[in-house]
Amino acid sequence: MRFEIHCKDQKSKARKGTIYTDHGIIQTPVFMPVGTAGTVKAIHNKDLEEQVKARIILGNTYHLYLRPGTNILKQAGGLHKFMGWNKPILTDSGGYQVYSLAHRRKMKEEGVIFQSHIDGSRHKFTPENVMHVQRIIGADIIMAFDECTPYPCEYDYAKKSMHMTHRWLNRCIEEFDHTEGLYNYSQTLFPIVQGSTFKDLRIQSAEYIAATGRDGNAIGGLSVGEPAEVMYELTELVCSVLPDDKPRYLMGVGTPANILECIALGVDMFDCVMPTRNARNGMIFTSEGILNMKNQKWVDDFSPIDPNGLTFVDQMYSRAYLRHLFTANEMLASIIATIHNLGFYLWLVDEAARQIEMNTFYHWKNLMVPKLSPRL
RNA sequence: GGGGGGGUUCCAGAGCGGUCAAAUGGGGCAGACUGUAAAUCUGUUGGCGCAGCCUUCGGAGGUUCGAAUCCUUCCCCCCCCA
């Protein structure tokens with residue numbers, strides 16, 4: 001994997017670049033739709049490519065390991081072939097499940113024992129076998145196994161956890177560097193900065209992660225409930241320590257405003273379930289604000305879903321119709337909303353890239369941010 | 001024509017003398033959602049000048065300190081037999 005920076009914004013840390021992988025190039029800043037279980041929920045790959053213009057999607061090690069399992073993934077020839085997606089894939093390691101499924105796992109130095117949310121069976125995840133599983137999944141970018149700490153978090157715990165994440169990283173690197181991909185294309189490993197909301201820990205972690213010299217670096221453990229200001233402050237701090245010439249990936253972020261703010265801080269890659277999950281729950285993101293499509297007020301609004309939207313659904317369907325579909329619990333509601341939201345998120349990062357290129361990003365960002373959050 | 005059952009707050013449906021503005025489900029309305037246990041979850045759902053009061057359980061009248069609950073009568077539904 002290779003990363004090239006084309007231009008930088010003068011008034012912020014924003015930059016426009018390209019990541020080169022064996023499955024194609026990724027223009028940055030980029031938003032990566034989340035496809036946990038081998039599917040970005042409620043959307044076909046065809047729409048994902050042609051309408052949304054997604055250039056890389058996520059998969060999840062924990063979920064894919066449990067179902068369909070490594071045996072099937074290996075027989076399929078990896079996740080790309082299994083799901084019919086020929087562009088890049090990034091897999092999360094299961095580190096987020098250490099956080100989100102905390103009540104059904106036990107963590108030790110050796111690794112984590114998860115009790116499956118599907119059938120209750122127990123499964124051990126170690127840095128080594130998480131690398132092994134991600135080799136079988138065949139993601140272009142794989143993530144180190146880490147602990148995503150909760151918020152709030154005691155200093156002592158955050159420190160202990162960070163050090164363990166670092167030790168796990170060493171084991172991940174050791175395992176990854178001594179194995180090869182199964183499918184004739186290269187994979188790369190991203191380490192993850194932790195340290196909760198503590199500046200000294202974040203600096204220490206960022207330095208540690210930077211020193212491993214991998215192709216890209218991730219920032220984890222944020223957007224877990226802390227105020228946005230805290231997230232921005234720590235992101236800025238960590239970005240200042242991480243190398244400039246490698247892509248920076250802020251995991252799990254975020255709202256459209258979060259993304260623009262963090263692009264300004266030097267982040268290149270984002271992922272978040274928000275555009276897809278919230279789409280299924282009736283929330284529509286637009287450049288003018290947020291719409292709750294279940295609300296009564298859209299009942300007879302026959303204007304297009306998003307007059308500024310670039311996907312076909314934006315012009316083809318009215319708000320009244322989409323509201324009707326949500327009210328009637330029709331699955332097309334989820335499909336339309338998902339295409340729209342992902343299309344909007346990708347438009348947002350692409351527009352950011354264009355503004356960076358024109359050196360007008362900072363001004364544009366400050367104009368956009370206040371417009372993105374109001375409820376319409 | 002004979003016999004039986006029933007009408008409850010938007011709907012379905014509990015309640016069968018006080019603890020009932022009335023269970024529960026649905027629907028409605030609103031909110032939440034940030035490396036997805038999520039097409040999920042939460043709140044709310046008679047009115048008001050709201051620690052109280054007013055209107056409400058098919059209509060009218062009655063019994064009672066007190067009625068959605070008991071009695072009389074009227075109206076309307078449903079089922080079975082002929």
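Predicted model, so just to flag it, every value in this text is computed and none were measured. Quick note on labels: first sequence line is chain A, next is B, and so on, each numbered from 1.
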Which base sits across from [N] as a Watson-Crick or G-U pair, both distances under 3.5 Å?
{"N": "C41(B)", "answer": "G31(B)"}
{"N": "C65(B)", "answer": "G18(B)"}
{"N": "U55(B)", "answer": "none"}
{"N": "A12(B)", "answer": "U24(B)"}

Using a heavy-atom cut-off of under 4.0 Å over every strand shown, decide if [X] touches base, sugar-phosphate, or nothing.
{"X": "Glu330(A)", "result": "nothing"}
{"X": "Asn258(A)", "result": "base"}
{"X": "Gln115(A)", "result": "nothing"}
{"X": "Asp271(A)", "result": "sugar-phosphate"}
{"X": "Asn329(A)", "result": "sugar-phosphate"}
{"X": "Arg375(A)", "result": "sugar-phosphate"}
{"X": "Arg105(A)", "result": "nothing"}
{"X": "Thr276(A)", "result": "base"}

Scan side-chain atoms only and decide if [X] and [Y] contain a donor-acceptor pair under the 3.5 Å cut-off.
{"X": "Thr165(A)", "Y": "Asp146(A)", "answer": "no"}
{"X": "His123(A)", "Y": "Ser116(A)", "answer": "no"}
{"X": "Gln97(A)", "Y": "Asn60(A)", "answer": "yes"}
{"X": "His63(A)", "Y": "Thr61(A)", "answer": "no"}

Next on the checklist: Please give me every residue in residues 207-239 of chain A whose heavy atoms get under 4.0 Å of an atom in RNA chain B, ordered by residue number.
Outcome noted: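 Residues of residues 207-239 of chain A under 4.0 Å from RNA chain B: Gly221(A), Ser223(A).
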
Surrounding [atom1] of [X] (heavy atoms of other residues, nucleotides or ligands, distance under 6.0 Å), is the total greater than 12?
{"X": "Lys159(A)", "atom1": "NZ", "value": "no"}
{"X": "Met358(A)", "atom1": "CE", "value": "yes"}
{"X": "Arg104(A)", "atom1": "CZ", "value": "yes"}

Item to check | Closest approach of Gly266(A) to Arg248(A) (non-hydrogen atoms, all atoms of both residues) | outcome: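 Between these two residues, the closest heavy atoms are O-NH1, 2.8 Å.
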
Item to check | Range on RNA chain B touched by chain A - first to last nucleotide, heavy-atom distance under 4.0 Å | outcome: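 First-to-last contact on RNA chain B, by the 4.0 Å heavy-atom rule, is G28(B) to U40(B).
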
Span that lies between the [atom1] atom of [M] and that of [N], in whole angstrom:
{"N": "G3(B)", "M": "A21(B)", "atom1": "C1'", "value": "38 Å"}
{"N": "U56(B)", "M": "G46(B)", "atom1": "P", "value": "16 Å"}
{"N": "U42(B)", "M": "G4(B)", "atom1": "P", "value": "48 Å"}
{"N": "A68(B)", "M": "C16(B)", "atom1": "P", "value": "14 Å"}

Item to check | Pair Glu49(A) + Arg55(A), salt bridge at N-O below 4.0 Å | outcome: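 No, this pair does not count.
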
Checklist entry - Does the pair Arg15(A)/Asp244(A) count as a salt bridge with the N-to-O cut at 4.0 Å? => result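 Yes, charged N to carboxylate O under 4.0 Å.
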
Checklist entry - More 5' along RNA chain B: Glu147(A) or Ser334(A), using each one's nearest nucleotide? => result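 Residue closer to the 5' terminus by nearest nucleotide: Glu147(A).
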
